[in-house]
Amino acid sequence: MPATSSPPGLCSWTVMGCSIRLLQLLSTGVASSLVASVGTQRVGVDNWFMFFWCFCYIVTLLIIIVEYCSNLRSHFSFHWYNFPINYACYAALFCFSTSIISATTYVPFLPQGPTQNHAITATAFSCIAAVAYGTEFFWTWVGHRPRRIITYVHTVHGLLKLLENFVACIIFAFISNTSLYQHQPALVWCVAVYSTCFILGTLAILLGLVYCDNWLPIRFPVSQLGLTLFSILLYISALVLWPLYQFNEELGGQSQRSSDMTCRDEFTTYVCNWDQRLAVAVLTAINLLLYVADLVIASYLVSERLHPRAPGSLYLWRYYVV
């Protein structure tokens, strides 16, 4: 389909739409600026806060530029409408999770004073950004749904892909502490699993955005079925190896939280290593469940293509979140 036929973007809502975009810019810009001004030079989870906020700010600015320069949209090989709504869903999840993690694992460990005040204010602006992105996603979805304009994120399969990559990004935030895995090749393999599955998930989302069914050597649902099954096998290996080498004392792990020196330091300024290991193990299990659900949906789509059961059944499963 030609890109020029794409429906108008958020800024077509005139004052309300552009106000939301400007609020997104303001909130992410202020949040990243406040954390940067603290200058604690800490490494780990808080570095990802800066990355998420700066990324959201830059992408939002680019979307605003494209929205106002309508001639730029003709250069994209996909419906421009697909990109902002998928991005808004991602950004809302990122800003919301960043707000929660910051409020629970970053702000409480900072010394009272200007540093903590800056961090609290940055967290508040991150919450505002999450609301702004969520409003954009909801309003755009509801506003265009009566016109039966379909986007990849409207599908059950597309929503699961977004959630899988979202959980993977949280995992990356915890494993940014390289001391958790560098000492064991099996744990390095787990990091490679998370990275590989994230890349495959991103590829699947990009293919869903550009309507690739006509030029792929195999049908899109079939390719997604294969990628999802491959990701499940990888995640099963990570779910076994990560807890085994992190919490089994015979393999060099620490079964008790009290045995971790970083958890016994009263003056620690970050989430201790044992808690980070546990968080990654839990998130790995959650993501595996998401991939299993994704496999069920992908299998249904493939079976419907091969053996259609009723007109419209494939449409409802493929194009609407239930």
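When hydrophobic side chains of Ile, Leu, Val, Met, Phe, Trp and Tyr are connected at separations under 4.5 Å, I100 ends up clustered with F96.
Taking CG from L180 and SG from C190, the interatomic distance works out to 11.5 Å, rounded to the nearest 0.5 Å. Going from atom OG1 of T228 over to atom CG of L160 covers 9.0 Å, rounded to the nearest 0.5 Å. We find the CG-OG1 distance between L187 and T178 to be 12.5 Å, quoted to the nearest 0.5 Å. For the atom pair CG (L227) and OG1 (T196), the distance works out to 12.0 Å, reported to the nearest 0.5 Å. How far CZ of F49 is from OG of S102: 4.5 Å, rounded to the nearest 0.5 Å. The line from CG of L34 to CG of N117 is 10.5 Å long, rounded to the nearest 0.5 Å.
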Subject >> Audit row: L229, L225, side chain to side chain contact (heavy atoms under 4.5 Å, CB included) steps and yes/no >> reply: CA-CA 6 Å; L229 180 59; L225 179 63; 5.7 Å; no
**OP:** Begin with the C-alpha distance, continue with both residues' side-chain angles, and end with the deciding distance and a verdict on side chain to side chain donor-acceptor pair (under 3.5 Å) for T202 and N165.
**Re:** CA-CA 7 Å; T202 303; N165 274 13; 3.1 Å; yes
Original post:
Yes or no on side chain to side chain contact (heavy atoms under 4.5 Å, CB included) for C89 and I85, after CA distance, side-chain angles and deciding distance?
Top reply: CA-CA 6 Å; C89 183; I85 189 173; over 6 Å; no
**OP:** Give the C-alpha distance, both sets of side-chain angles, the deciding distance and a yes or no for side chain to side chain contact (heavy atoms under 4.5 Å, CB included) between F52 and C95.
**Re:** CA-CA 7 Å; F52 287 148; C95 290; over 6 Å; no
**OP:** Could you give me the CA-CA distance, side-chain angles and deciding distance for Y291 and V296, then say whether side chain to side chain contact (heavy atoms under 4.5 Å, CB included) is met?
**Re:** CA-CA 9 Å; Y291 275 108; V296 173; over 6 Å; no
Original post:
Run the side chain to side chain donor-acceptor pair (under 3.5 Å) check on S126 and T98 step by step: do they pass?
Top reply: CA-CA 7 Å; S126 181; T98 300; 5.2 Å; no
Under 3.5 Å, which donor-acceptor pairs link side chains of residues 236-245 to any protein atom two or more places apart or in another chain?
from: S237; atom 1: OG; to: W189; atom 2: NE1; distance (Å): 3.1
from: S237; atom 1: OG; to: L234; atom 2: O; distance (Å): 2.5
from: W242; atom 1: NE1; to: R277; atom 2: O; distance (Å): 3.1

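What you find for Y133 and A88 is that their closest heavy atoms are CB-O, 3.7 Å. Considering all non-hydrogen atoms of both residues, W274 and Q254 come closest at NE1-O, 2.9 Å. Summarising the geometry of Q224 relative to A204, their closest heavy-atom pair is OE1-CB, 2.9 Å, with the distance given to 0.1 Å. The minimum heavy-atom distance between S255 and E249, with the atom names listed, is OG-OE2, 2.7 Å. C56 and A91 make their closest contact through SG-CB, 4.0 Å (heavy atoms, listed as atom of the first residue, atom of the second, distance).
Qualifying side chain to side chain contact (heavy atoms under 4.5 Å, CB included) partners for V59, counting only residues two or more places apart in sequence or in other chains: F55, I63, F83, Y87. Partners of Y57 by ring pair (Phe, Tyr, Trp, His ring centres under 6.0 Å), not counting sequence neighbours: none found. Residues satisfying the side chain to side chain contact (heavy atoms under 4.5 Å, CB included) criterion with A31, sequence neighbours excluded, are W53, A122, F125.
Counted by atom type alone, E136 and Q24 present one or more donor-acceptor pairs between their side chains at under 3.5 Å.
Residue pairs satisfying the salt bridge (charged side-chain N to carboxylate O under 4.0 Å, His left out) criterion with at least one member in residues 48-57, sequence neighbours excluded, are absent.
Residue R21 forms a side chain to side chain contact (heavy atoms under 4.5 Å, CB included) with just one option from I64, L26, L61, and that option is I64.
Proximity of the aromatic rings of F94 and Y90 is defined here by a centroid distance below 6.0 angstrom, and this criterion is met.
Counting only distance, with no hydrogens or angles, the side chain of E164 and the backbone of L288 share no donor-acceptor pair below 3.5 Å. A distance-only check finds no donor-acceptor pair linking the side chain of D294 to the backbone of L290 [under 3.5 Å]. Listed for the S99 side chain is a donor-acceptor partner under 3.5 Å among the backbone atoms of C127.
Between F172 and F198, the ring-plane angle classifies as perpendicular under the 30° and 60° cut-offs.
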